[in-house]
Amino acid sequence: MAHQSDLIAEDILAYLKAQEEKGMLRFITCGSVDDGKSTLIGRLLWDSKLVFEDQLAALEVDSKKVGTQGEEIDYALLLDGLQAEREQGITIDVAYRFFSTDKRKFIVADTPGHEQYTRNMVTGASTAGVAVILVDARKGVLTQTRRHSFLVSLVGIRKIILAINKMDLVDYDAERYETICDEYREFAKDLGFEEIACIPISALKGDNVIERTDVTSWYDGPTLMEYLETVQVSDRQTQLPFRLPVQWVNRPNLDFRGFSGTIASGTVRPGDEVIVPASGQKSHVERIVTMDGDLDEAMAGQAVTVTLTDEIDISRGDLLASPEARPSYADQFEAHLVWMHEETLLPGRSYLLKCGATTVPAQISDLKYKINVNTLIREPGKTLDLNEIGVCNLTLSKSISFDPYKENRGTGNFVLIDRMTNATVGAGMIDFPLRRATNIHWQSIDIDKKSRAELKGQKPRVLWFTGLSGAGKSTIANMVEKKLHSLGKHSYLLDGDNVRHGLNRDLGFTDADRVENIRRVAEVSKLMVDAGLVVLVSFISPFRSERRMARELFESGEFVEVYVNTPIEVCEERDVKGLYKKARSGELKNFTGIDSAYEAPESAEIVVDSSSQPAEEIAEEIVRQLFG
Amino acid sequence: MKINMTHLRQLEAESIHIIREVAAEFENPVMLYSIGKDYSVMLHLARKAFYPGKPPFPLMHVDTTWKFREMIEFRDRIASEYGFDLLIYTNEEGAKQGVSPFTHGSALYTDIMKTEGLKQALDKYKFDAAFGGARRDEEKSRAKERIFSFRTESHRWDPKSQRPELWNLYNAKVRPGESIRAFPLSNWTELDIWQYIYLEQIPIVPLYYSAVRPVVERDGMLIMIDDDRLKLLPGEKVEEKSVRFRTLGCYPLTGAVESTAATLPEIIQEMLLTRTSERQGRLIDHDQAGSMEKKKQEGYF
């Protein structure tokens with residue numbers, strides 16, 4: 001069978017000992033029937049001697065009956081599972097295959113490449129660490145190659161094998177190989193892959209699949225199998241912050257209370273501090289309990305039971321996390337959503353969202369755009385059909401803990417379940433949290449924003465000035481407003497310090513209060529924009545997610561982020577209010593830029609620096625740019 | 001620190017995750033117990049999943065009344081040793097009518113005593129989830145089987161209406177009467193099972209080990225004479241041979257292989273060097289291609 005090692009016959013005990021140390025790799029193969037995908041997998045099973053004699057006999061009969069290789073054995077027939085599919089001659093679902101070598105056990109997710117089967121490919125890729133993307137050497141990089149690459153990158157696969165198949169049909173031409181590699185690498189450069197291995201093969205002849213053959217003497221890279229046996233993928237999850245979704249509270253008697261689950265990322269040791277984001281309660285790990293004895297350490301992928309030193313309230317669905325790197329805890333987020341069902345997505349409909357061990361009602365509050373999987377172009381849309389991918393905001397009936405999927409593949413994914421049919425209808429990857437008020441229905445008012453704005457003869461909007469204390473936000477905002485006034489524009493300036501004297505005088509400077517501070521100001525700005533005004537907001541607003549939350553409140557084009565990017569040294573030297581001095585001496589806590597973070601904008605509409613340009617000039621330019 | 005878990009530890013963790021998920025999501029789960037080696041592994045994993053507690057579900061054996069005697073002894077011993085609640089169900093109607101592999105043929109017998117018996121048992125106890133020890137590598141149509149396999153109210157499996165399974169998220173929603181068959185060993189292969197049994201020293205029915213046993217050759221298979229219900233046909237004669245079983249089921253339908261492998265390493269060695277797959281020993285798979293698929297649609301595990 002699978003293992004040719006002489007040890008099996010000579011010293012089975014030594015062989016078994018060696019096998020215990022074997023690792024495992026899950027990968028997905030992408031390509032269409034024509035690319036020879038089934039032949040390739042059939043070949044891997046075949047050459048690793050995993051085909052038994054009785055299966056071989058059945059295969060010979062089948063090959064003659066329905067095979068496509070004449071009298072030859074059709075390896076692809078080893079793989080076809082369901083009868084209906086066999087008759088249609090295509091694979092229509094995800095099938096899992098197994099083979100192993102002396103180095104590793106492999107689980108292959110075998111999925112079809114047709115456009116309508118995005119669903120299956122995303123399913124198969126979700127558990128894979130590596131993707132084998134097949135191209136036909138005669139045809140090169142096709143639309144479907146791009147589609148497959150985009151889908152596996154979406155699902156977070158970072159290592160790609162571009163298997164350039166049917167090299168026998170292009171006479172093992174090195175130049176042809178080089179051209180395809182170059183074209184692919186150029187196309188894939190924005191997909192976030194860490195590693196692309198281009199391997200010239202012939203699945204039919206077996207070239208460079210397991211054994212290197214001299215027909216491609218110009219190629220000195222690994223064979224497909226050599227690469228699969230050595231590629232490293234599992235270390236990433238282990239290096240991330242600790243996350244343990246609690247699946248089961250283990251309470252066999254009054255003396256034992258353990259929390260069971262599979263560690264999604266990171267490592268944990270007894271004594272480590274953990275936090276439950278939902279309650280903010282902290283405790284320390286007391287024991288890591290398994291039937292084989294307590295562990296000194298456990299890591300991502302292990303199914304464990306932990307006990308804590310304190311009695312804190314934890315139930316299924318909670319997430320135990322490292323307090324130094326907390327996950328997000330929110331009831332709204334943006335996500336990439338893949339629609340998996342014939343029944344169309346309906347924004348506003350309530351679905352069940354399952355994330356880790358939590359299931360909560362959720363709705364798609366806003367479908368922002370769809371992504372065409374063939375062109376990767378954004379397209380507008382109101383719904384998603386089967387196999388379509390969209391970027392949307394989701395609103396949950398209660399907050400859950402999660403991480404952005406790009407940062408953590410283990411805690412940023414979810415599925416949507418139809419509440420009527422119980423079908424799994426969608427699969428999502430979370431982009432980032434949104435903090436927005438829940439949907440309170442608006443009273444409809446006859447005089448609307450548009451009519452108010454028309455009366456004033458202006459386009460209402462908000463200019464959101466963000467930056468460190470002393471960066472010059474208020475100075476510039478003040479000048480801008482004076483210029484607007486002289487232009488006959490109706491405006492209002494909301495200044496951080498001033499608002500804290502009134503509306504927000506109950507708020508301090510903790511992270512939670514800063515978030516609330518910004519939320520209120522964003523809401524007030526929204527009302528003022530609704531009233532038709534041009535609003536200038538001058539707030540440090542240090543966190544990206546709150547500025548994003550503010551931006552989300554407005555219509556596209558209404559929110560203009562102005563990043564006053566004056567270096568901290570300059571701000572501190574100015575120290576107009578003497579606050580830096582206090583912060584440095586420790587007299588003032590939570591001061592942005594000193595002991596509280598400032599997260600610089602990534603895509604502000606306007607970026608200025610008051611240390612290299614006079615404020616007056618900056619104000620002039622902003623007004624010209626926006627109202628000129 | 002070791003960065004990579006071995007393949008057996010990864011499989012183990014995945015199975016434990018699945019078992020915990022079923023226990024947490026369903027109101028009334030049951031673990032089916034066929035007494036075979038895969039079920040020995042599944043039981044072991046269930047104990048690990050809830051340690052130091054006990055698995056929060058009963059075991060159920062659908063007894064066709066034709067199992068090997070050693071299997072029944074083993075079943076009772078294991079259940080009491082580990083403190084499992086053991087339910088035993090037999091299709092009494094079938095038993096009363098005297099349905100046996102000899103009188104009704106293997107296909108009809110299996111359908112009545114195994115498939116029908118299982119459905120009756122699930123209906124009787126209103127189980128909404130049942131663990132099975134099936135593996136994807138056993139047979140072609142199993143390669144696409146879900147880990148949570150959805151069954152209709154009439155226990156039918158519809159290949160077209162199976163739910164996609166992504167990451168480690170399993171959709172456990174069912175309406176009253178509907179159910180899920182959960183397969184924690186989906187990603188294990190026969191070799192994994194044996195290696196794990198060896199590594200963890202999991203007890204298995206002694207029939208897996210070679211011993212001199214009375215057998216008769218019938219339809220190209222070596223059938224063991226386990227009790228006096230097996231009547232010899234003209235020309236058949238009982239022989240004492242050193243045999244063992246690669247798979248266990250109803251004794252009149254389960255072929256033995258000639259072997260001298262009497263220890264786990266010897267069994268594994270023999271398996272690695274042989275050239276026939278394990279279901280070869282089961283009569284019910286020998287119909288035309290796709291037979292398993294048809295049986296599954298009708299409710300067979």
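Here is how names work: the chains are called A, B, and so on, in the same order as the sequence lines, proteins then strands, and each is numbered from 1.
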Output all residues satisfying ring-ring contact (aromatic ring centres under 6.0 Å, His included) with A:Tyr351, sequence neighbours left out; order by chain, then residue number. A:Trp339

Can a donor-acceptor pair be found, under 3.5 Å and without considering hydrogens, that links the side chain of [X] to the backbone of [Y]?
X: A:Glu21; Y: B:Thr6; value: no
X: B:Arg175; Y: A:Asn422; value: no
X: A:Lys354; Y: B:Tyr170; value: yes

Which value, rounded to the nearest 0.5 Å, describes the distance between B:Gln195 atom CD and A:Lys22 atom NZ? 5.5 Å

Locate the shortest heavy-atom distance separating [X] from [Y]; write the atom from each residue and the value.
X: B:Pro164; Y: A:Arg119; answer: CG-CD, 4.5 Å
X: B:Tyr51; Y: A:Thr305; answer: O-OG1, 4.2 Å
X: A:Gly23; Y: B:His7; answer: O-CB, 3.5 Å

Report which part of [X] has an atom under 4.5 Å of a heavy atom belonging to chain A: side chain, backbone, both, or neither.
X: B:Ala172; value: neither
X: B:Arg146; value: side chain
X: B:Gln162; value: neither
X: B:Ser186; value: backbone

So [Y] and [X], do their side chains get closer than 4.5 Å, heavy atoms only?
X: B:Arg136; Y: A:Ile107; answer: no
X: B:Pro265; Y: A:Leu16; answer: yes
X: A:Leu13; Y: B:Tyr198; answer: yes
X: A:Val94; Y: B:Glu165; answer: no

With side chain to side chain contact (heavy atoms under 4.5 Å, CB included) as the criterion, how do B:Leu166 and A:Asn413 come out once you've worked through the C-alpha distance, each side chain's angles and the decisive distance to 0.1 Å? CA-CA 9 Å; B:Leu166 298 100; A:Asn413 55 51; over 6 Å; no

Positive for side-chain contact (heavy atoms from CB on, under 4.5 Å) with B:Asn171, one of A:Thr424, A:Thr359, A:Leu416: A:Thr424

Pairing donors with acceptors under 3.5 angstrom, does anything connect the side chains of B:Glu21 and A:Gln247? yes

